[in-house]
Amino acid sequence: KLFRDASNAWLVQDKFCRTNIMRMLYEIILAMNEEQKKKYAPSGTEKLITPAIERINAEFLKNELSVALLAEECGITESYFRRIFTRKYGVSPKEYIIRLRIGYAKDLLLSGEVSVTEAAAICGYAEATHFSREFSKRVGASPVDFKRRGGNG
């Protein structure tokens, strides 16, 4: 439709012809860009990853979780699993797990019952420094500052 409108505008050749055609071409480019952003997967494919979602939600603190293991559990390839997962949740499986861990760590730190090192270990991080980097990146404050401020920015 946009191409047809641009073509018809060209035939008119009035004083706003070039402006209208340029506007339409920008609309075409925008529409193409939006179409390219879409991630296509057949409808109902999200059901394929249900076993993985259940496992992630139950075991997100365990280091044994891997995309390969989750995909295998669903009976699909890793790349297909990632594509379906990212389409449904807007983030990669790894990022989803990290966000669950960081959310749990926030709760632990706010409880005041554990240290940053203990929270890191509970949330599946072997090194507190790695935990601190991941936490700071997603929360905008170090775990120590977050705990000190009681979760307030």
Side-chain angles (χ1 to χ4, degrees), residues 1-3 5-6 19-153:
K1 181 184 180 309
L2 292 170
F3 279 113
D5 291 348
T19 306
N20 285 332
I21 290 172
M22 289 303 292
R23 179 188 53 80
M24 289 178 207
L25 288 175
Y26 282 119
E27 285 181 35
I28 290 168
I29 292 168
L30 274 170
M32 290 171 62
N33 190 33
E34 290 302 312
E35 190 66 24
Q36 186 179 18
K37 287 181 185 176
K38 293 180 182 176
K39 303 212 179 355
Y40 290 100
S43 62
T45 54
E46 281 110 6
K47 292 181 210 164
L48 290 173
I49 63 170
T50 300
I53 301 305
E54 291 170 356
R55 185 164 188 179
I56 289 170
N57 289 329
E59 302 177 15
F60 67 91
L61 298 176
K62 296 182 179 177
N63 281 326
E64 296 80 36
L65 284 179
S66 70
V67 174
L69 176 74
L70 295 168
E72 183 181 316
E73 190 169 302
C74 296
I76 57 178
T77 65
E78 286 182 54
S79 60
Y80 193 46
F81 175 79
R82 278 191 184 92
R83 191 169 358 143
I84 295 169
F85 193 99
T86 303
R87 180 173 166 247
K88 181 168 176 68
Y89 293 99
V91 294
S92 70
K94 181 180 177 181
E95 181 62 25
Y96 183 86
I97 292 168
I98 291 170
R99 288 180 181 182
L100 286 174
R101 288 178 176 180
I102 298 300
Y104 190 67
K106 287 167 67 175
D107 292 341
L108 288 172
L109 293 170
L110 289 176
S111 76
E113 297 177 16
V114 298
S115 68
V116 171
T117 304
E118 290 168 329
I122 291 168
C123 293
Y125 289 90
E127 297 178 21
T129 54
H130 182 228
F131 166 73
S132 290
R133 275 194 307 274
E134 295 289 339
F135 190 97
S136 298
K137 182 175 167 182
R138 286 161 184 83
V139 177
S142 72
V144 172
D145 288 342
F146 180 85
K147 184 176 181 175
R148 185 179 319 121
R149 295 181 193 150
N152 296 323

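Numbers here are sequence positions counted from 1. Not measured: the values here are computed from a predicted model. We use all heavy atoms of the structure for the numbers below, so side chains are in, but hydrogens, waters and symmetry mates are not.
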- [ ] Evaluate the side-chain proximity of Ile49 to Ile76: yes if any heavy-atom separation is below 4.5 Å, no if none is.
- [x] yes
Open item on the list: Would you compute the distance between atom CD1 of Ile53 and atom NZ of Lys47 and round it to the nearest 0.5 angstrom?
Closed with: 15.0 Å
Open item on the list: Nearest 0.5 angstrom please: Tyr26 OH to Leu30 CG, how far?
Closed with: 10.0 Å
Task: Atom pair CD/OG1 of Glu134 and Thr129 - distance to nearest 0.5 Å - done: 10.5 Å
- [ ] Kindly indicate whether the side chain of Thr117, heavy atoms from C-beta on, has any atom under 4.5 Å from the side chain of Phe131.
- [x] no
Task: Non-hydrogen side-chain atoms of Leu61 and Leu100 separated by less than 4.5 Å - done: no
TODO: Considering non-hydrogen atoms only, spot the tightest contact between Thr86 and Pro93 and give its length.
DONE: OG1-CD, 4.4 Å
Open item on the list: Less than 4.5 Å apart, side chain to side chain, heavy atoms only: is that true for Arg55 and Leu65?
Closed with: yes
- [ ] Hey, could you give me the CG/CD1 distance between Asn63 and Ile97, rounded to the nearest 0.5 Å?
- [x] 10.0 Å
- [ ] Decide if atom CD of Glu118 counts as having more than 12 heavy atoms of other residues, nucleotides or ligands within a radius under 6.0 Å.
- [x] yes
Open item on the list: Tell me whether Arg101 contacts the main-chain N or O of Lys62 through its side chain, where contact means a donor paired with an acceptor under 3.5 Å.
Closed with: yes
- [ ] Determine the sole option in Phe85, Phe60, Phe81 for which the ring pair (Phe, Tyr, Trp, His ring centres under 6.0 Å) test with Tyr96 is passed.
- [x] Phe85
TODO: Quick one: do Arg99 and Lys94 satisfy side-chain contact (heavy atoms from CB on, under 4.5 Å)? Show the steps, please.
DONE: CA-CA 9 Å; Arg99 288 180 181 182; Lys94 181 180 177 181; over 6 Å; no
- [ ] Determine whether more than 12 heavy atoms belonging to other residues, nucleotides or ligands lie under 6.0 Å from atom CD of Glu127.
- [x] no
Open item on the list: I'd like to check the side chain to side chain donor-acceptor pair (under 3.5 Å) partners of Ser142; sequence neighbours left out, ordered by chain and number.
Closed with: Asp145
Task: Straight-line distance of Glu54 CD to Glu59 CD, nearest 0.5 Å - done: 11.0 Å
Open item on the list: For a 4.5 angstrom cut-off between non-hydrogen side-chain atoms, does Phe135 reach Val116?
Closed with: no
Open item on the list: Testing the basics here: between Lys147 and Ser115, what is the closest heavy-atom pair and its distance to 0.1 Å?
Closed with: NZ-CA, 3.7 Å
Task: Side-chain heavy atoms of Arg83 within contact of Glu78, under 4.5 Å - done: no
Open item on the list: Is the shortest side-chain heavy-atom distance between Ile98 and Tyr125 below 4.5 Å?
Closed with: yes
Open item on the list: Rounded to the nearest 0.5 Å, what separates atom OG in Ser132 from atom NZ in Lys137?
Closed with: 14.0 Å
TODO: Mind running side-chain contact (heavy atoms from CB on, under 4.5 Å) on Leu108 and Glu113 for me, showing each step along the way?
DONE: CA-CA 7 Å; Leu108 288 172; Glu113 297 177 16; over 6 Å; no
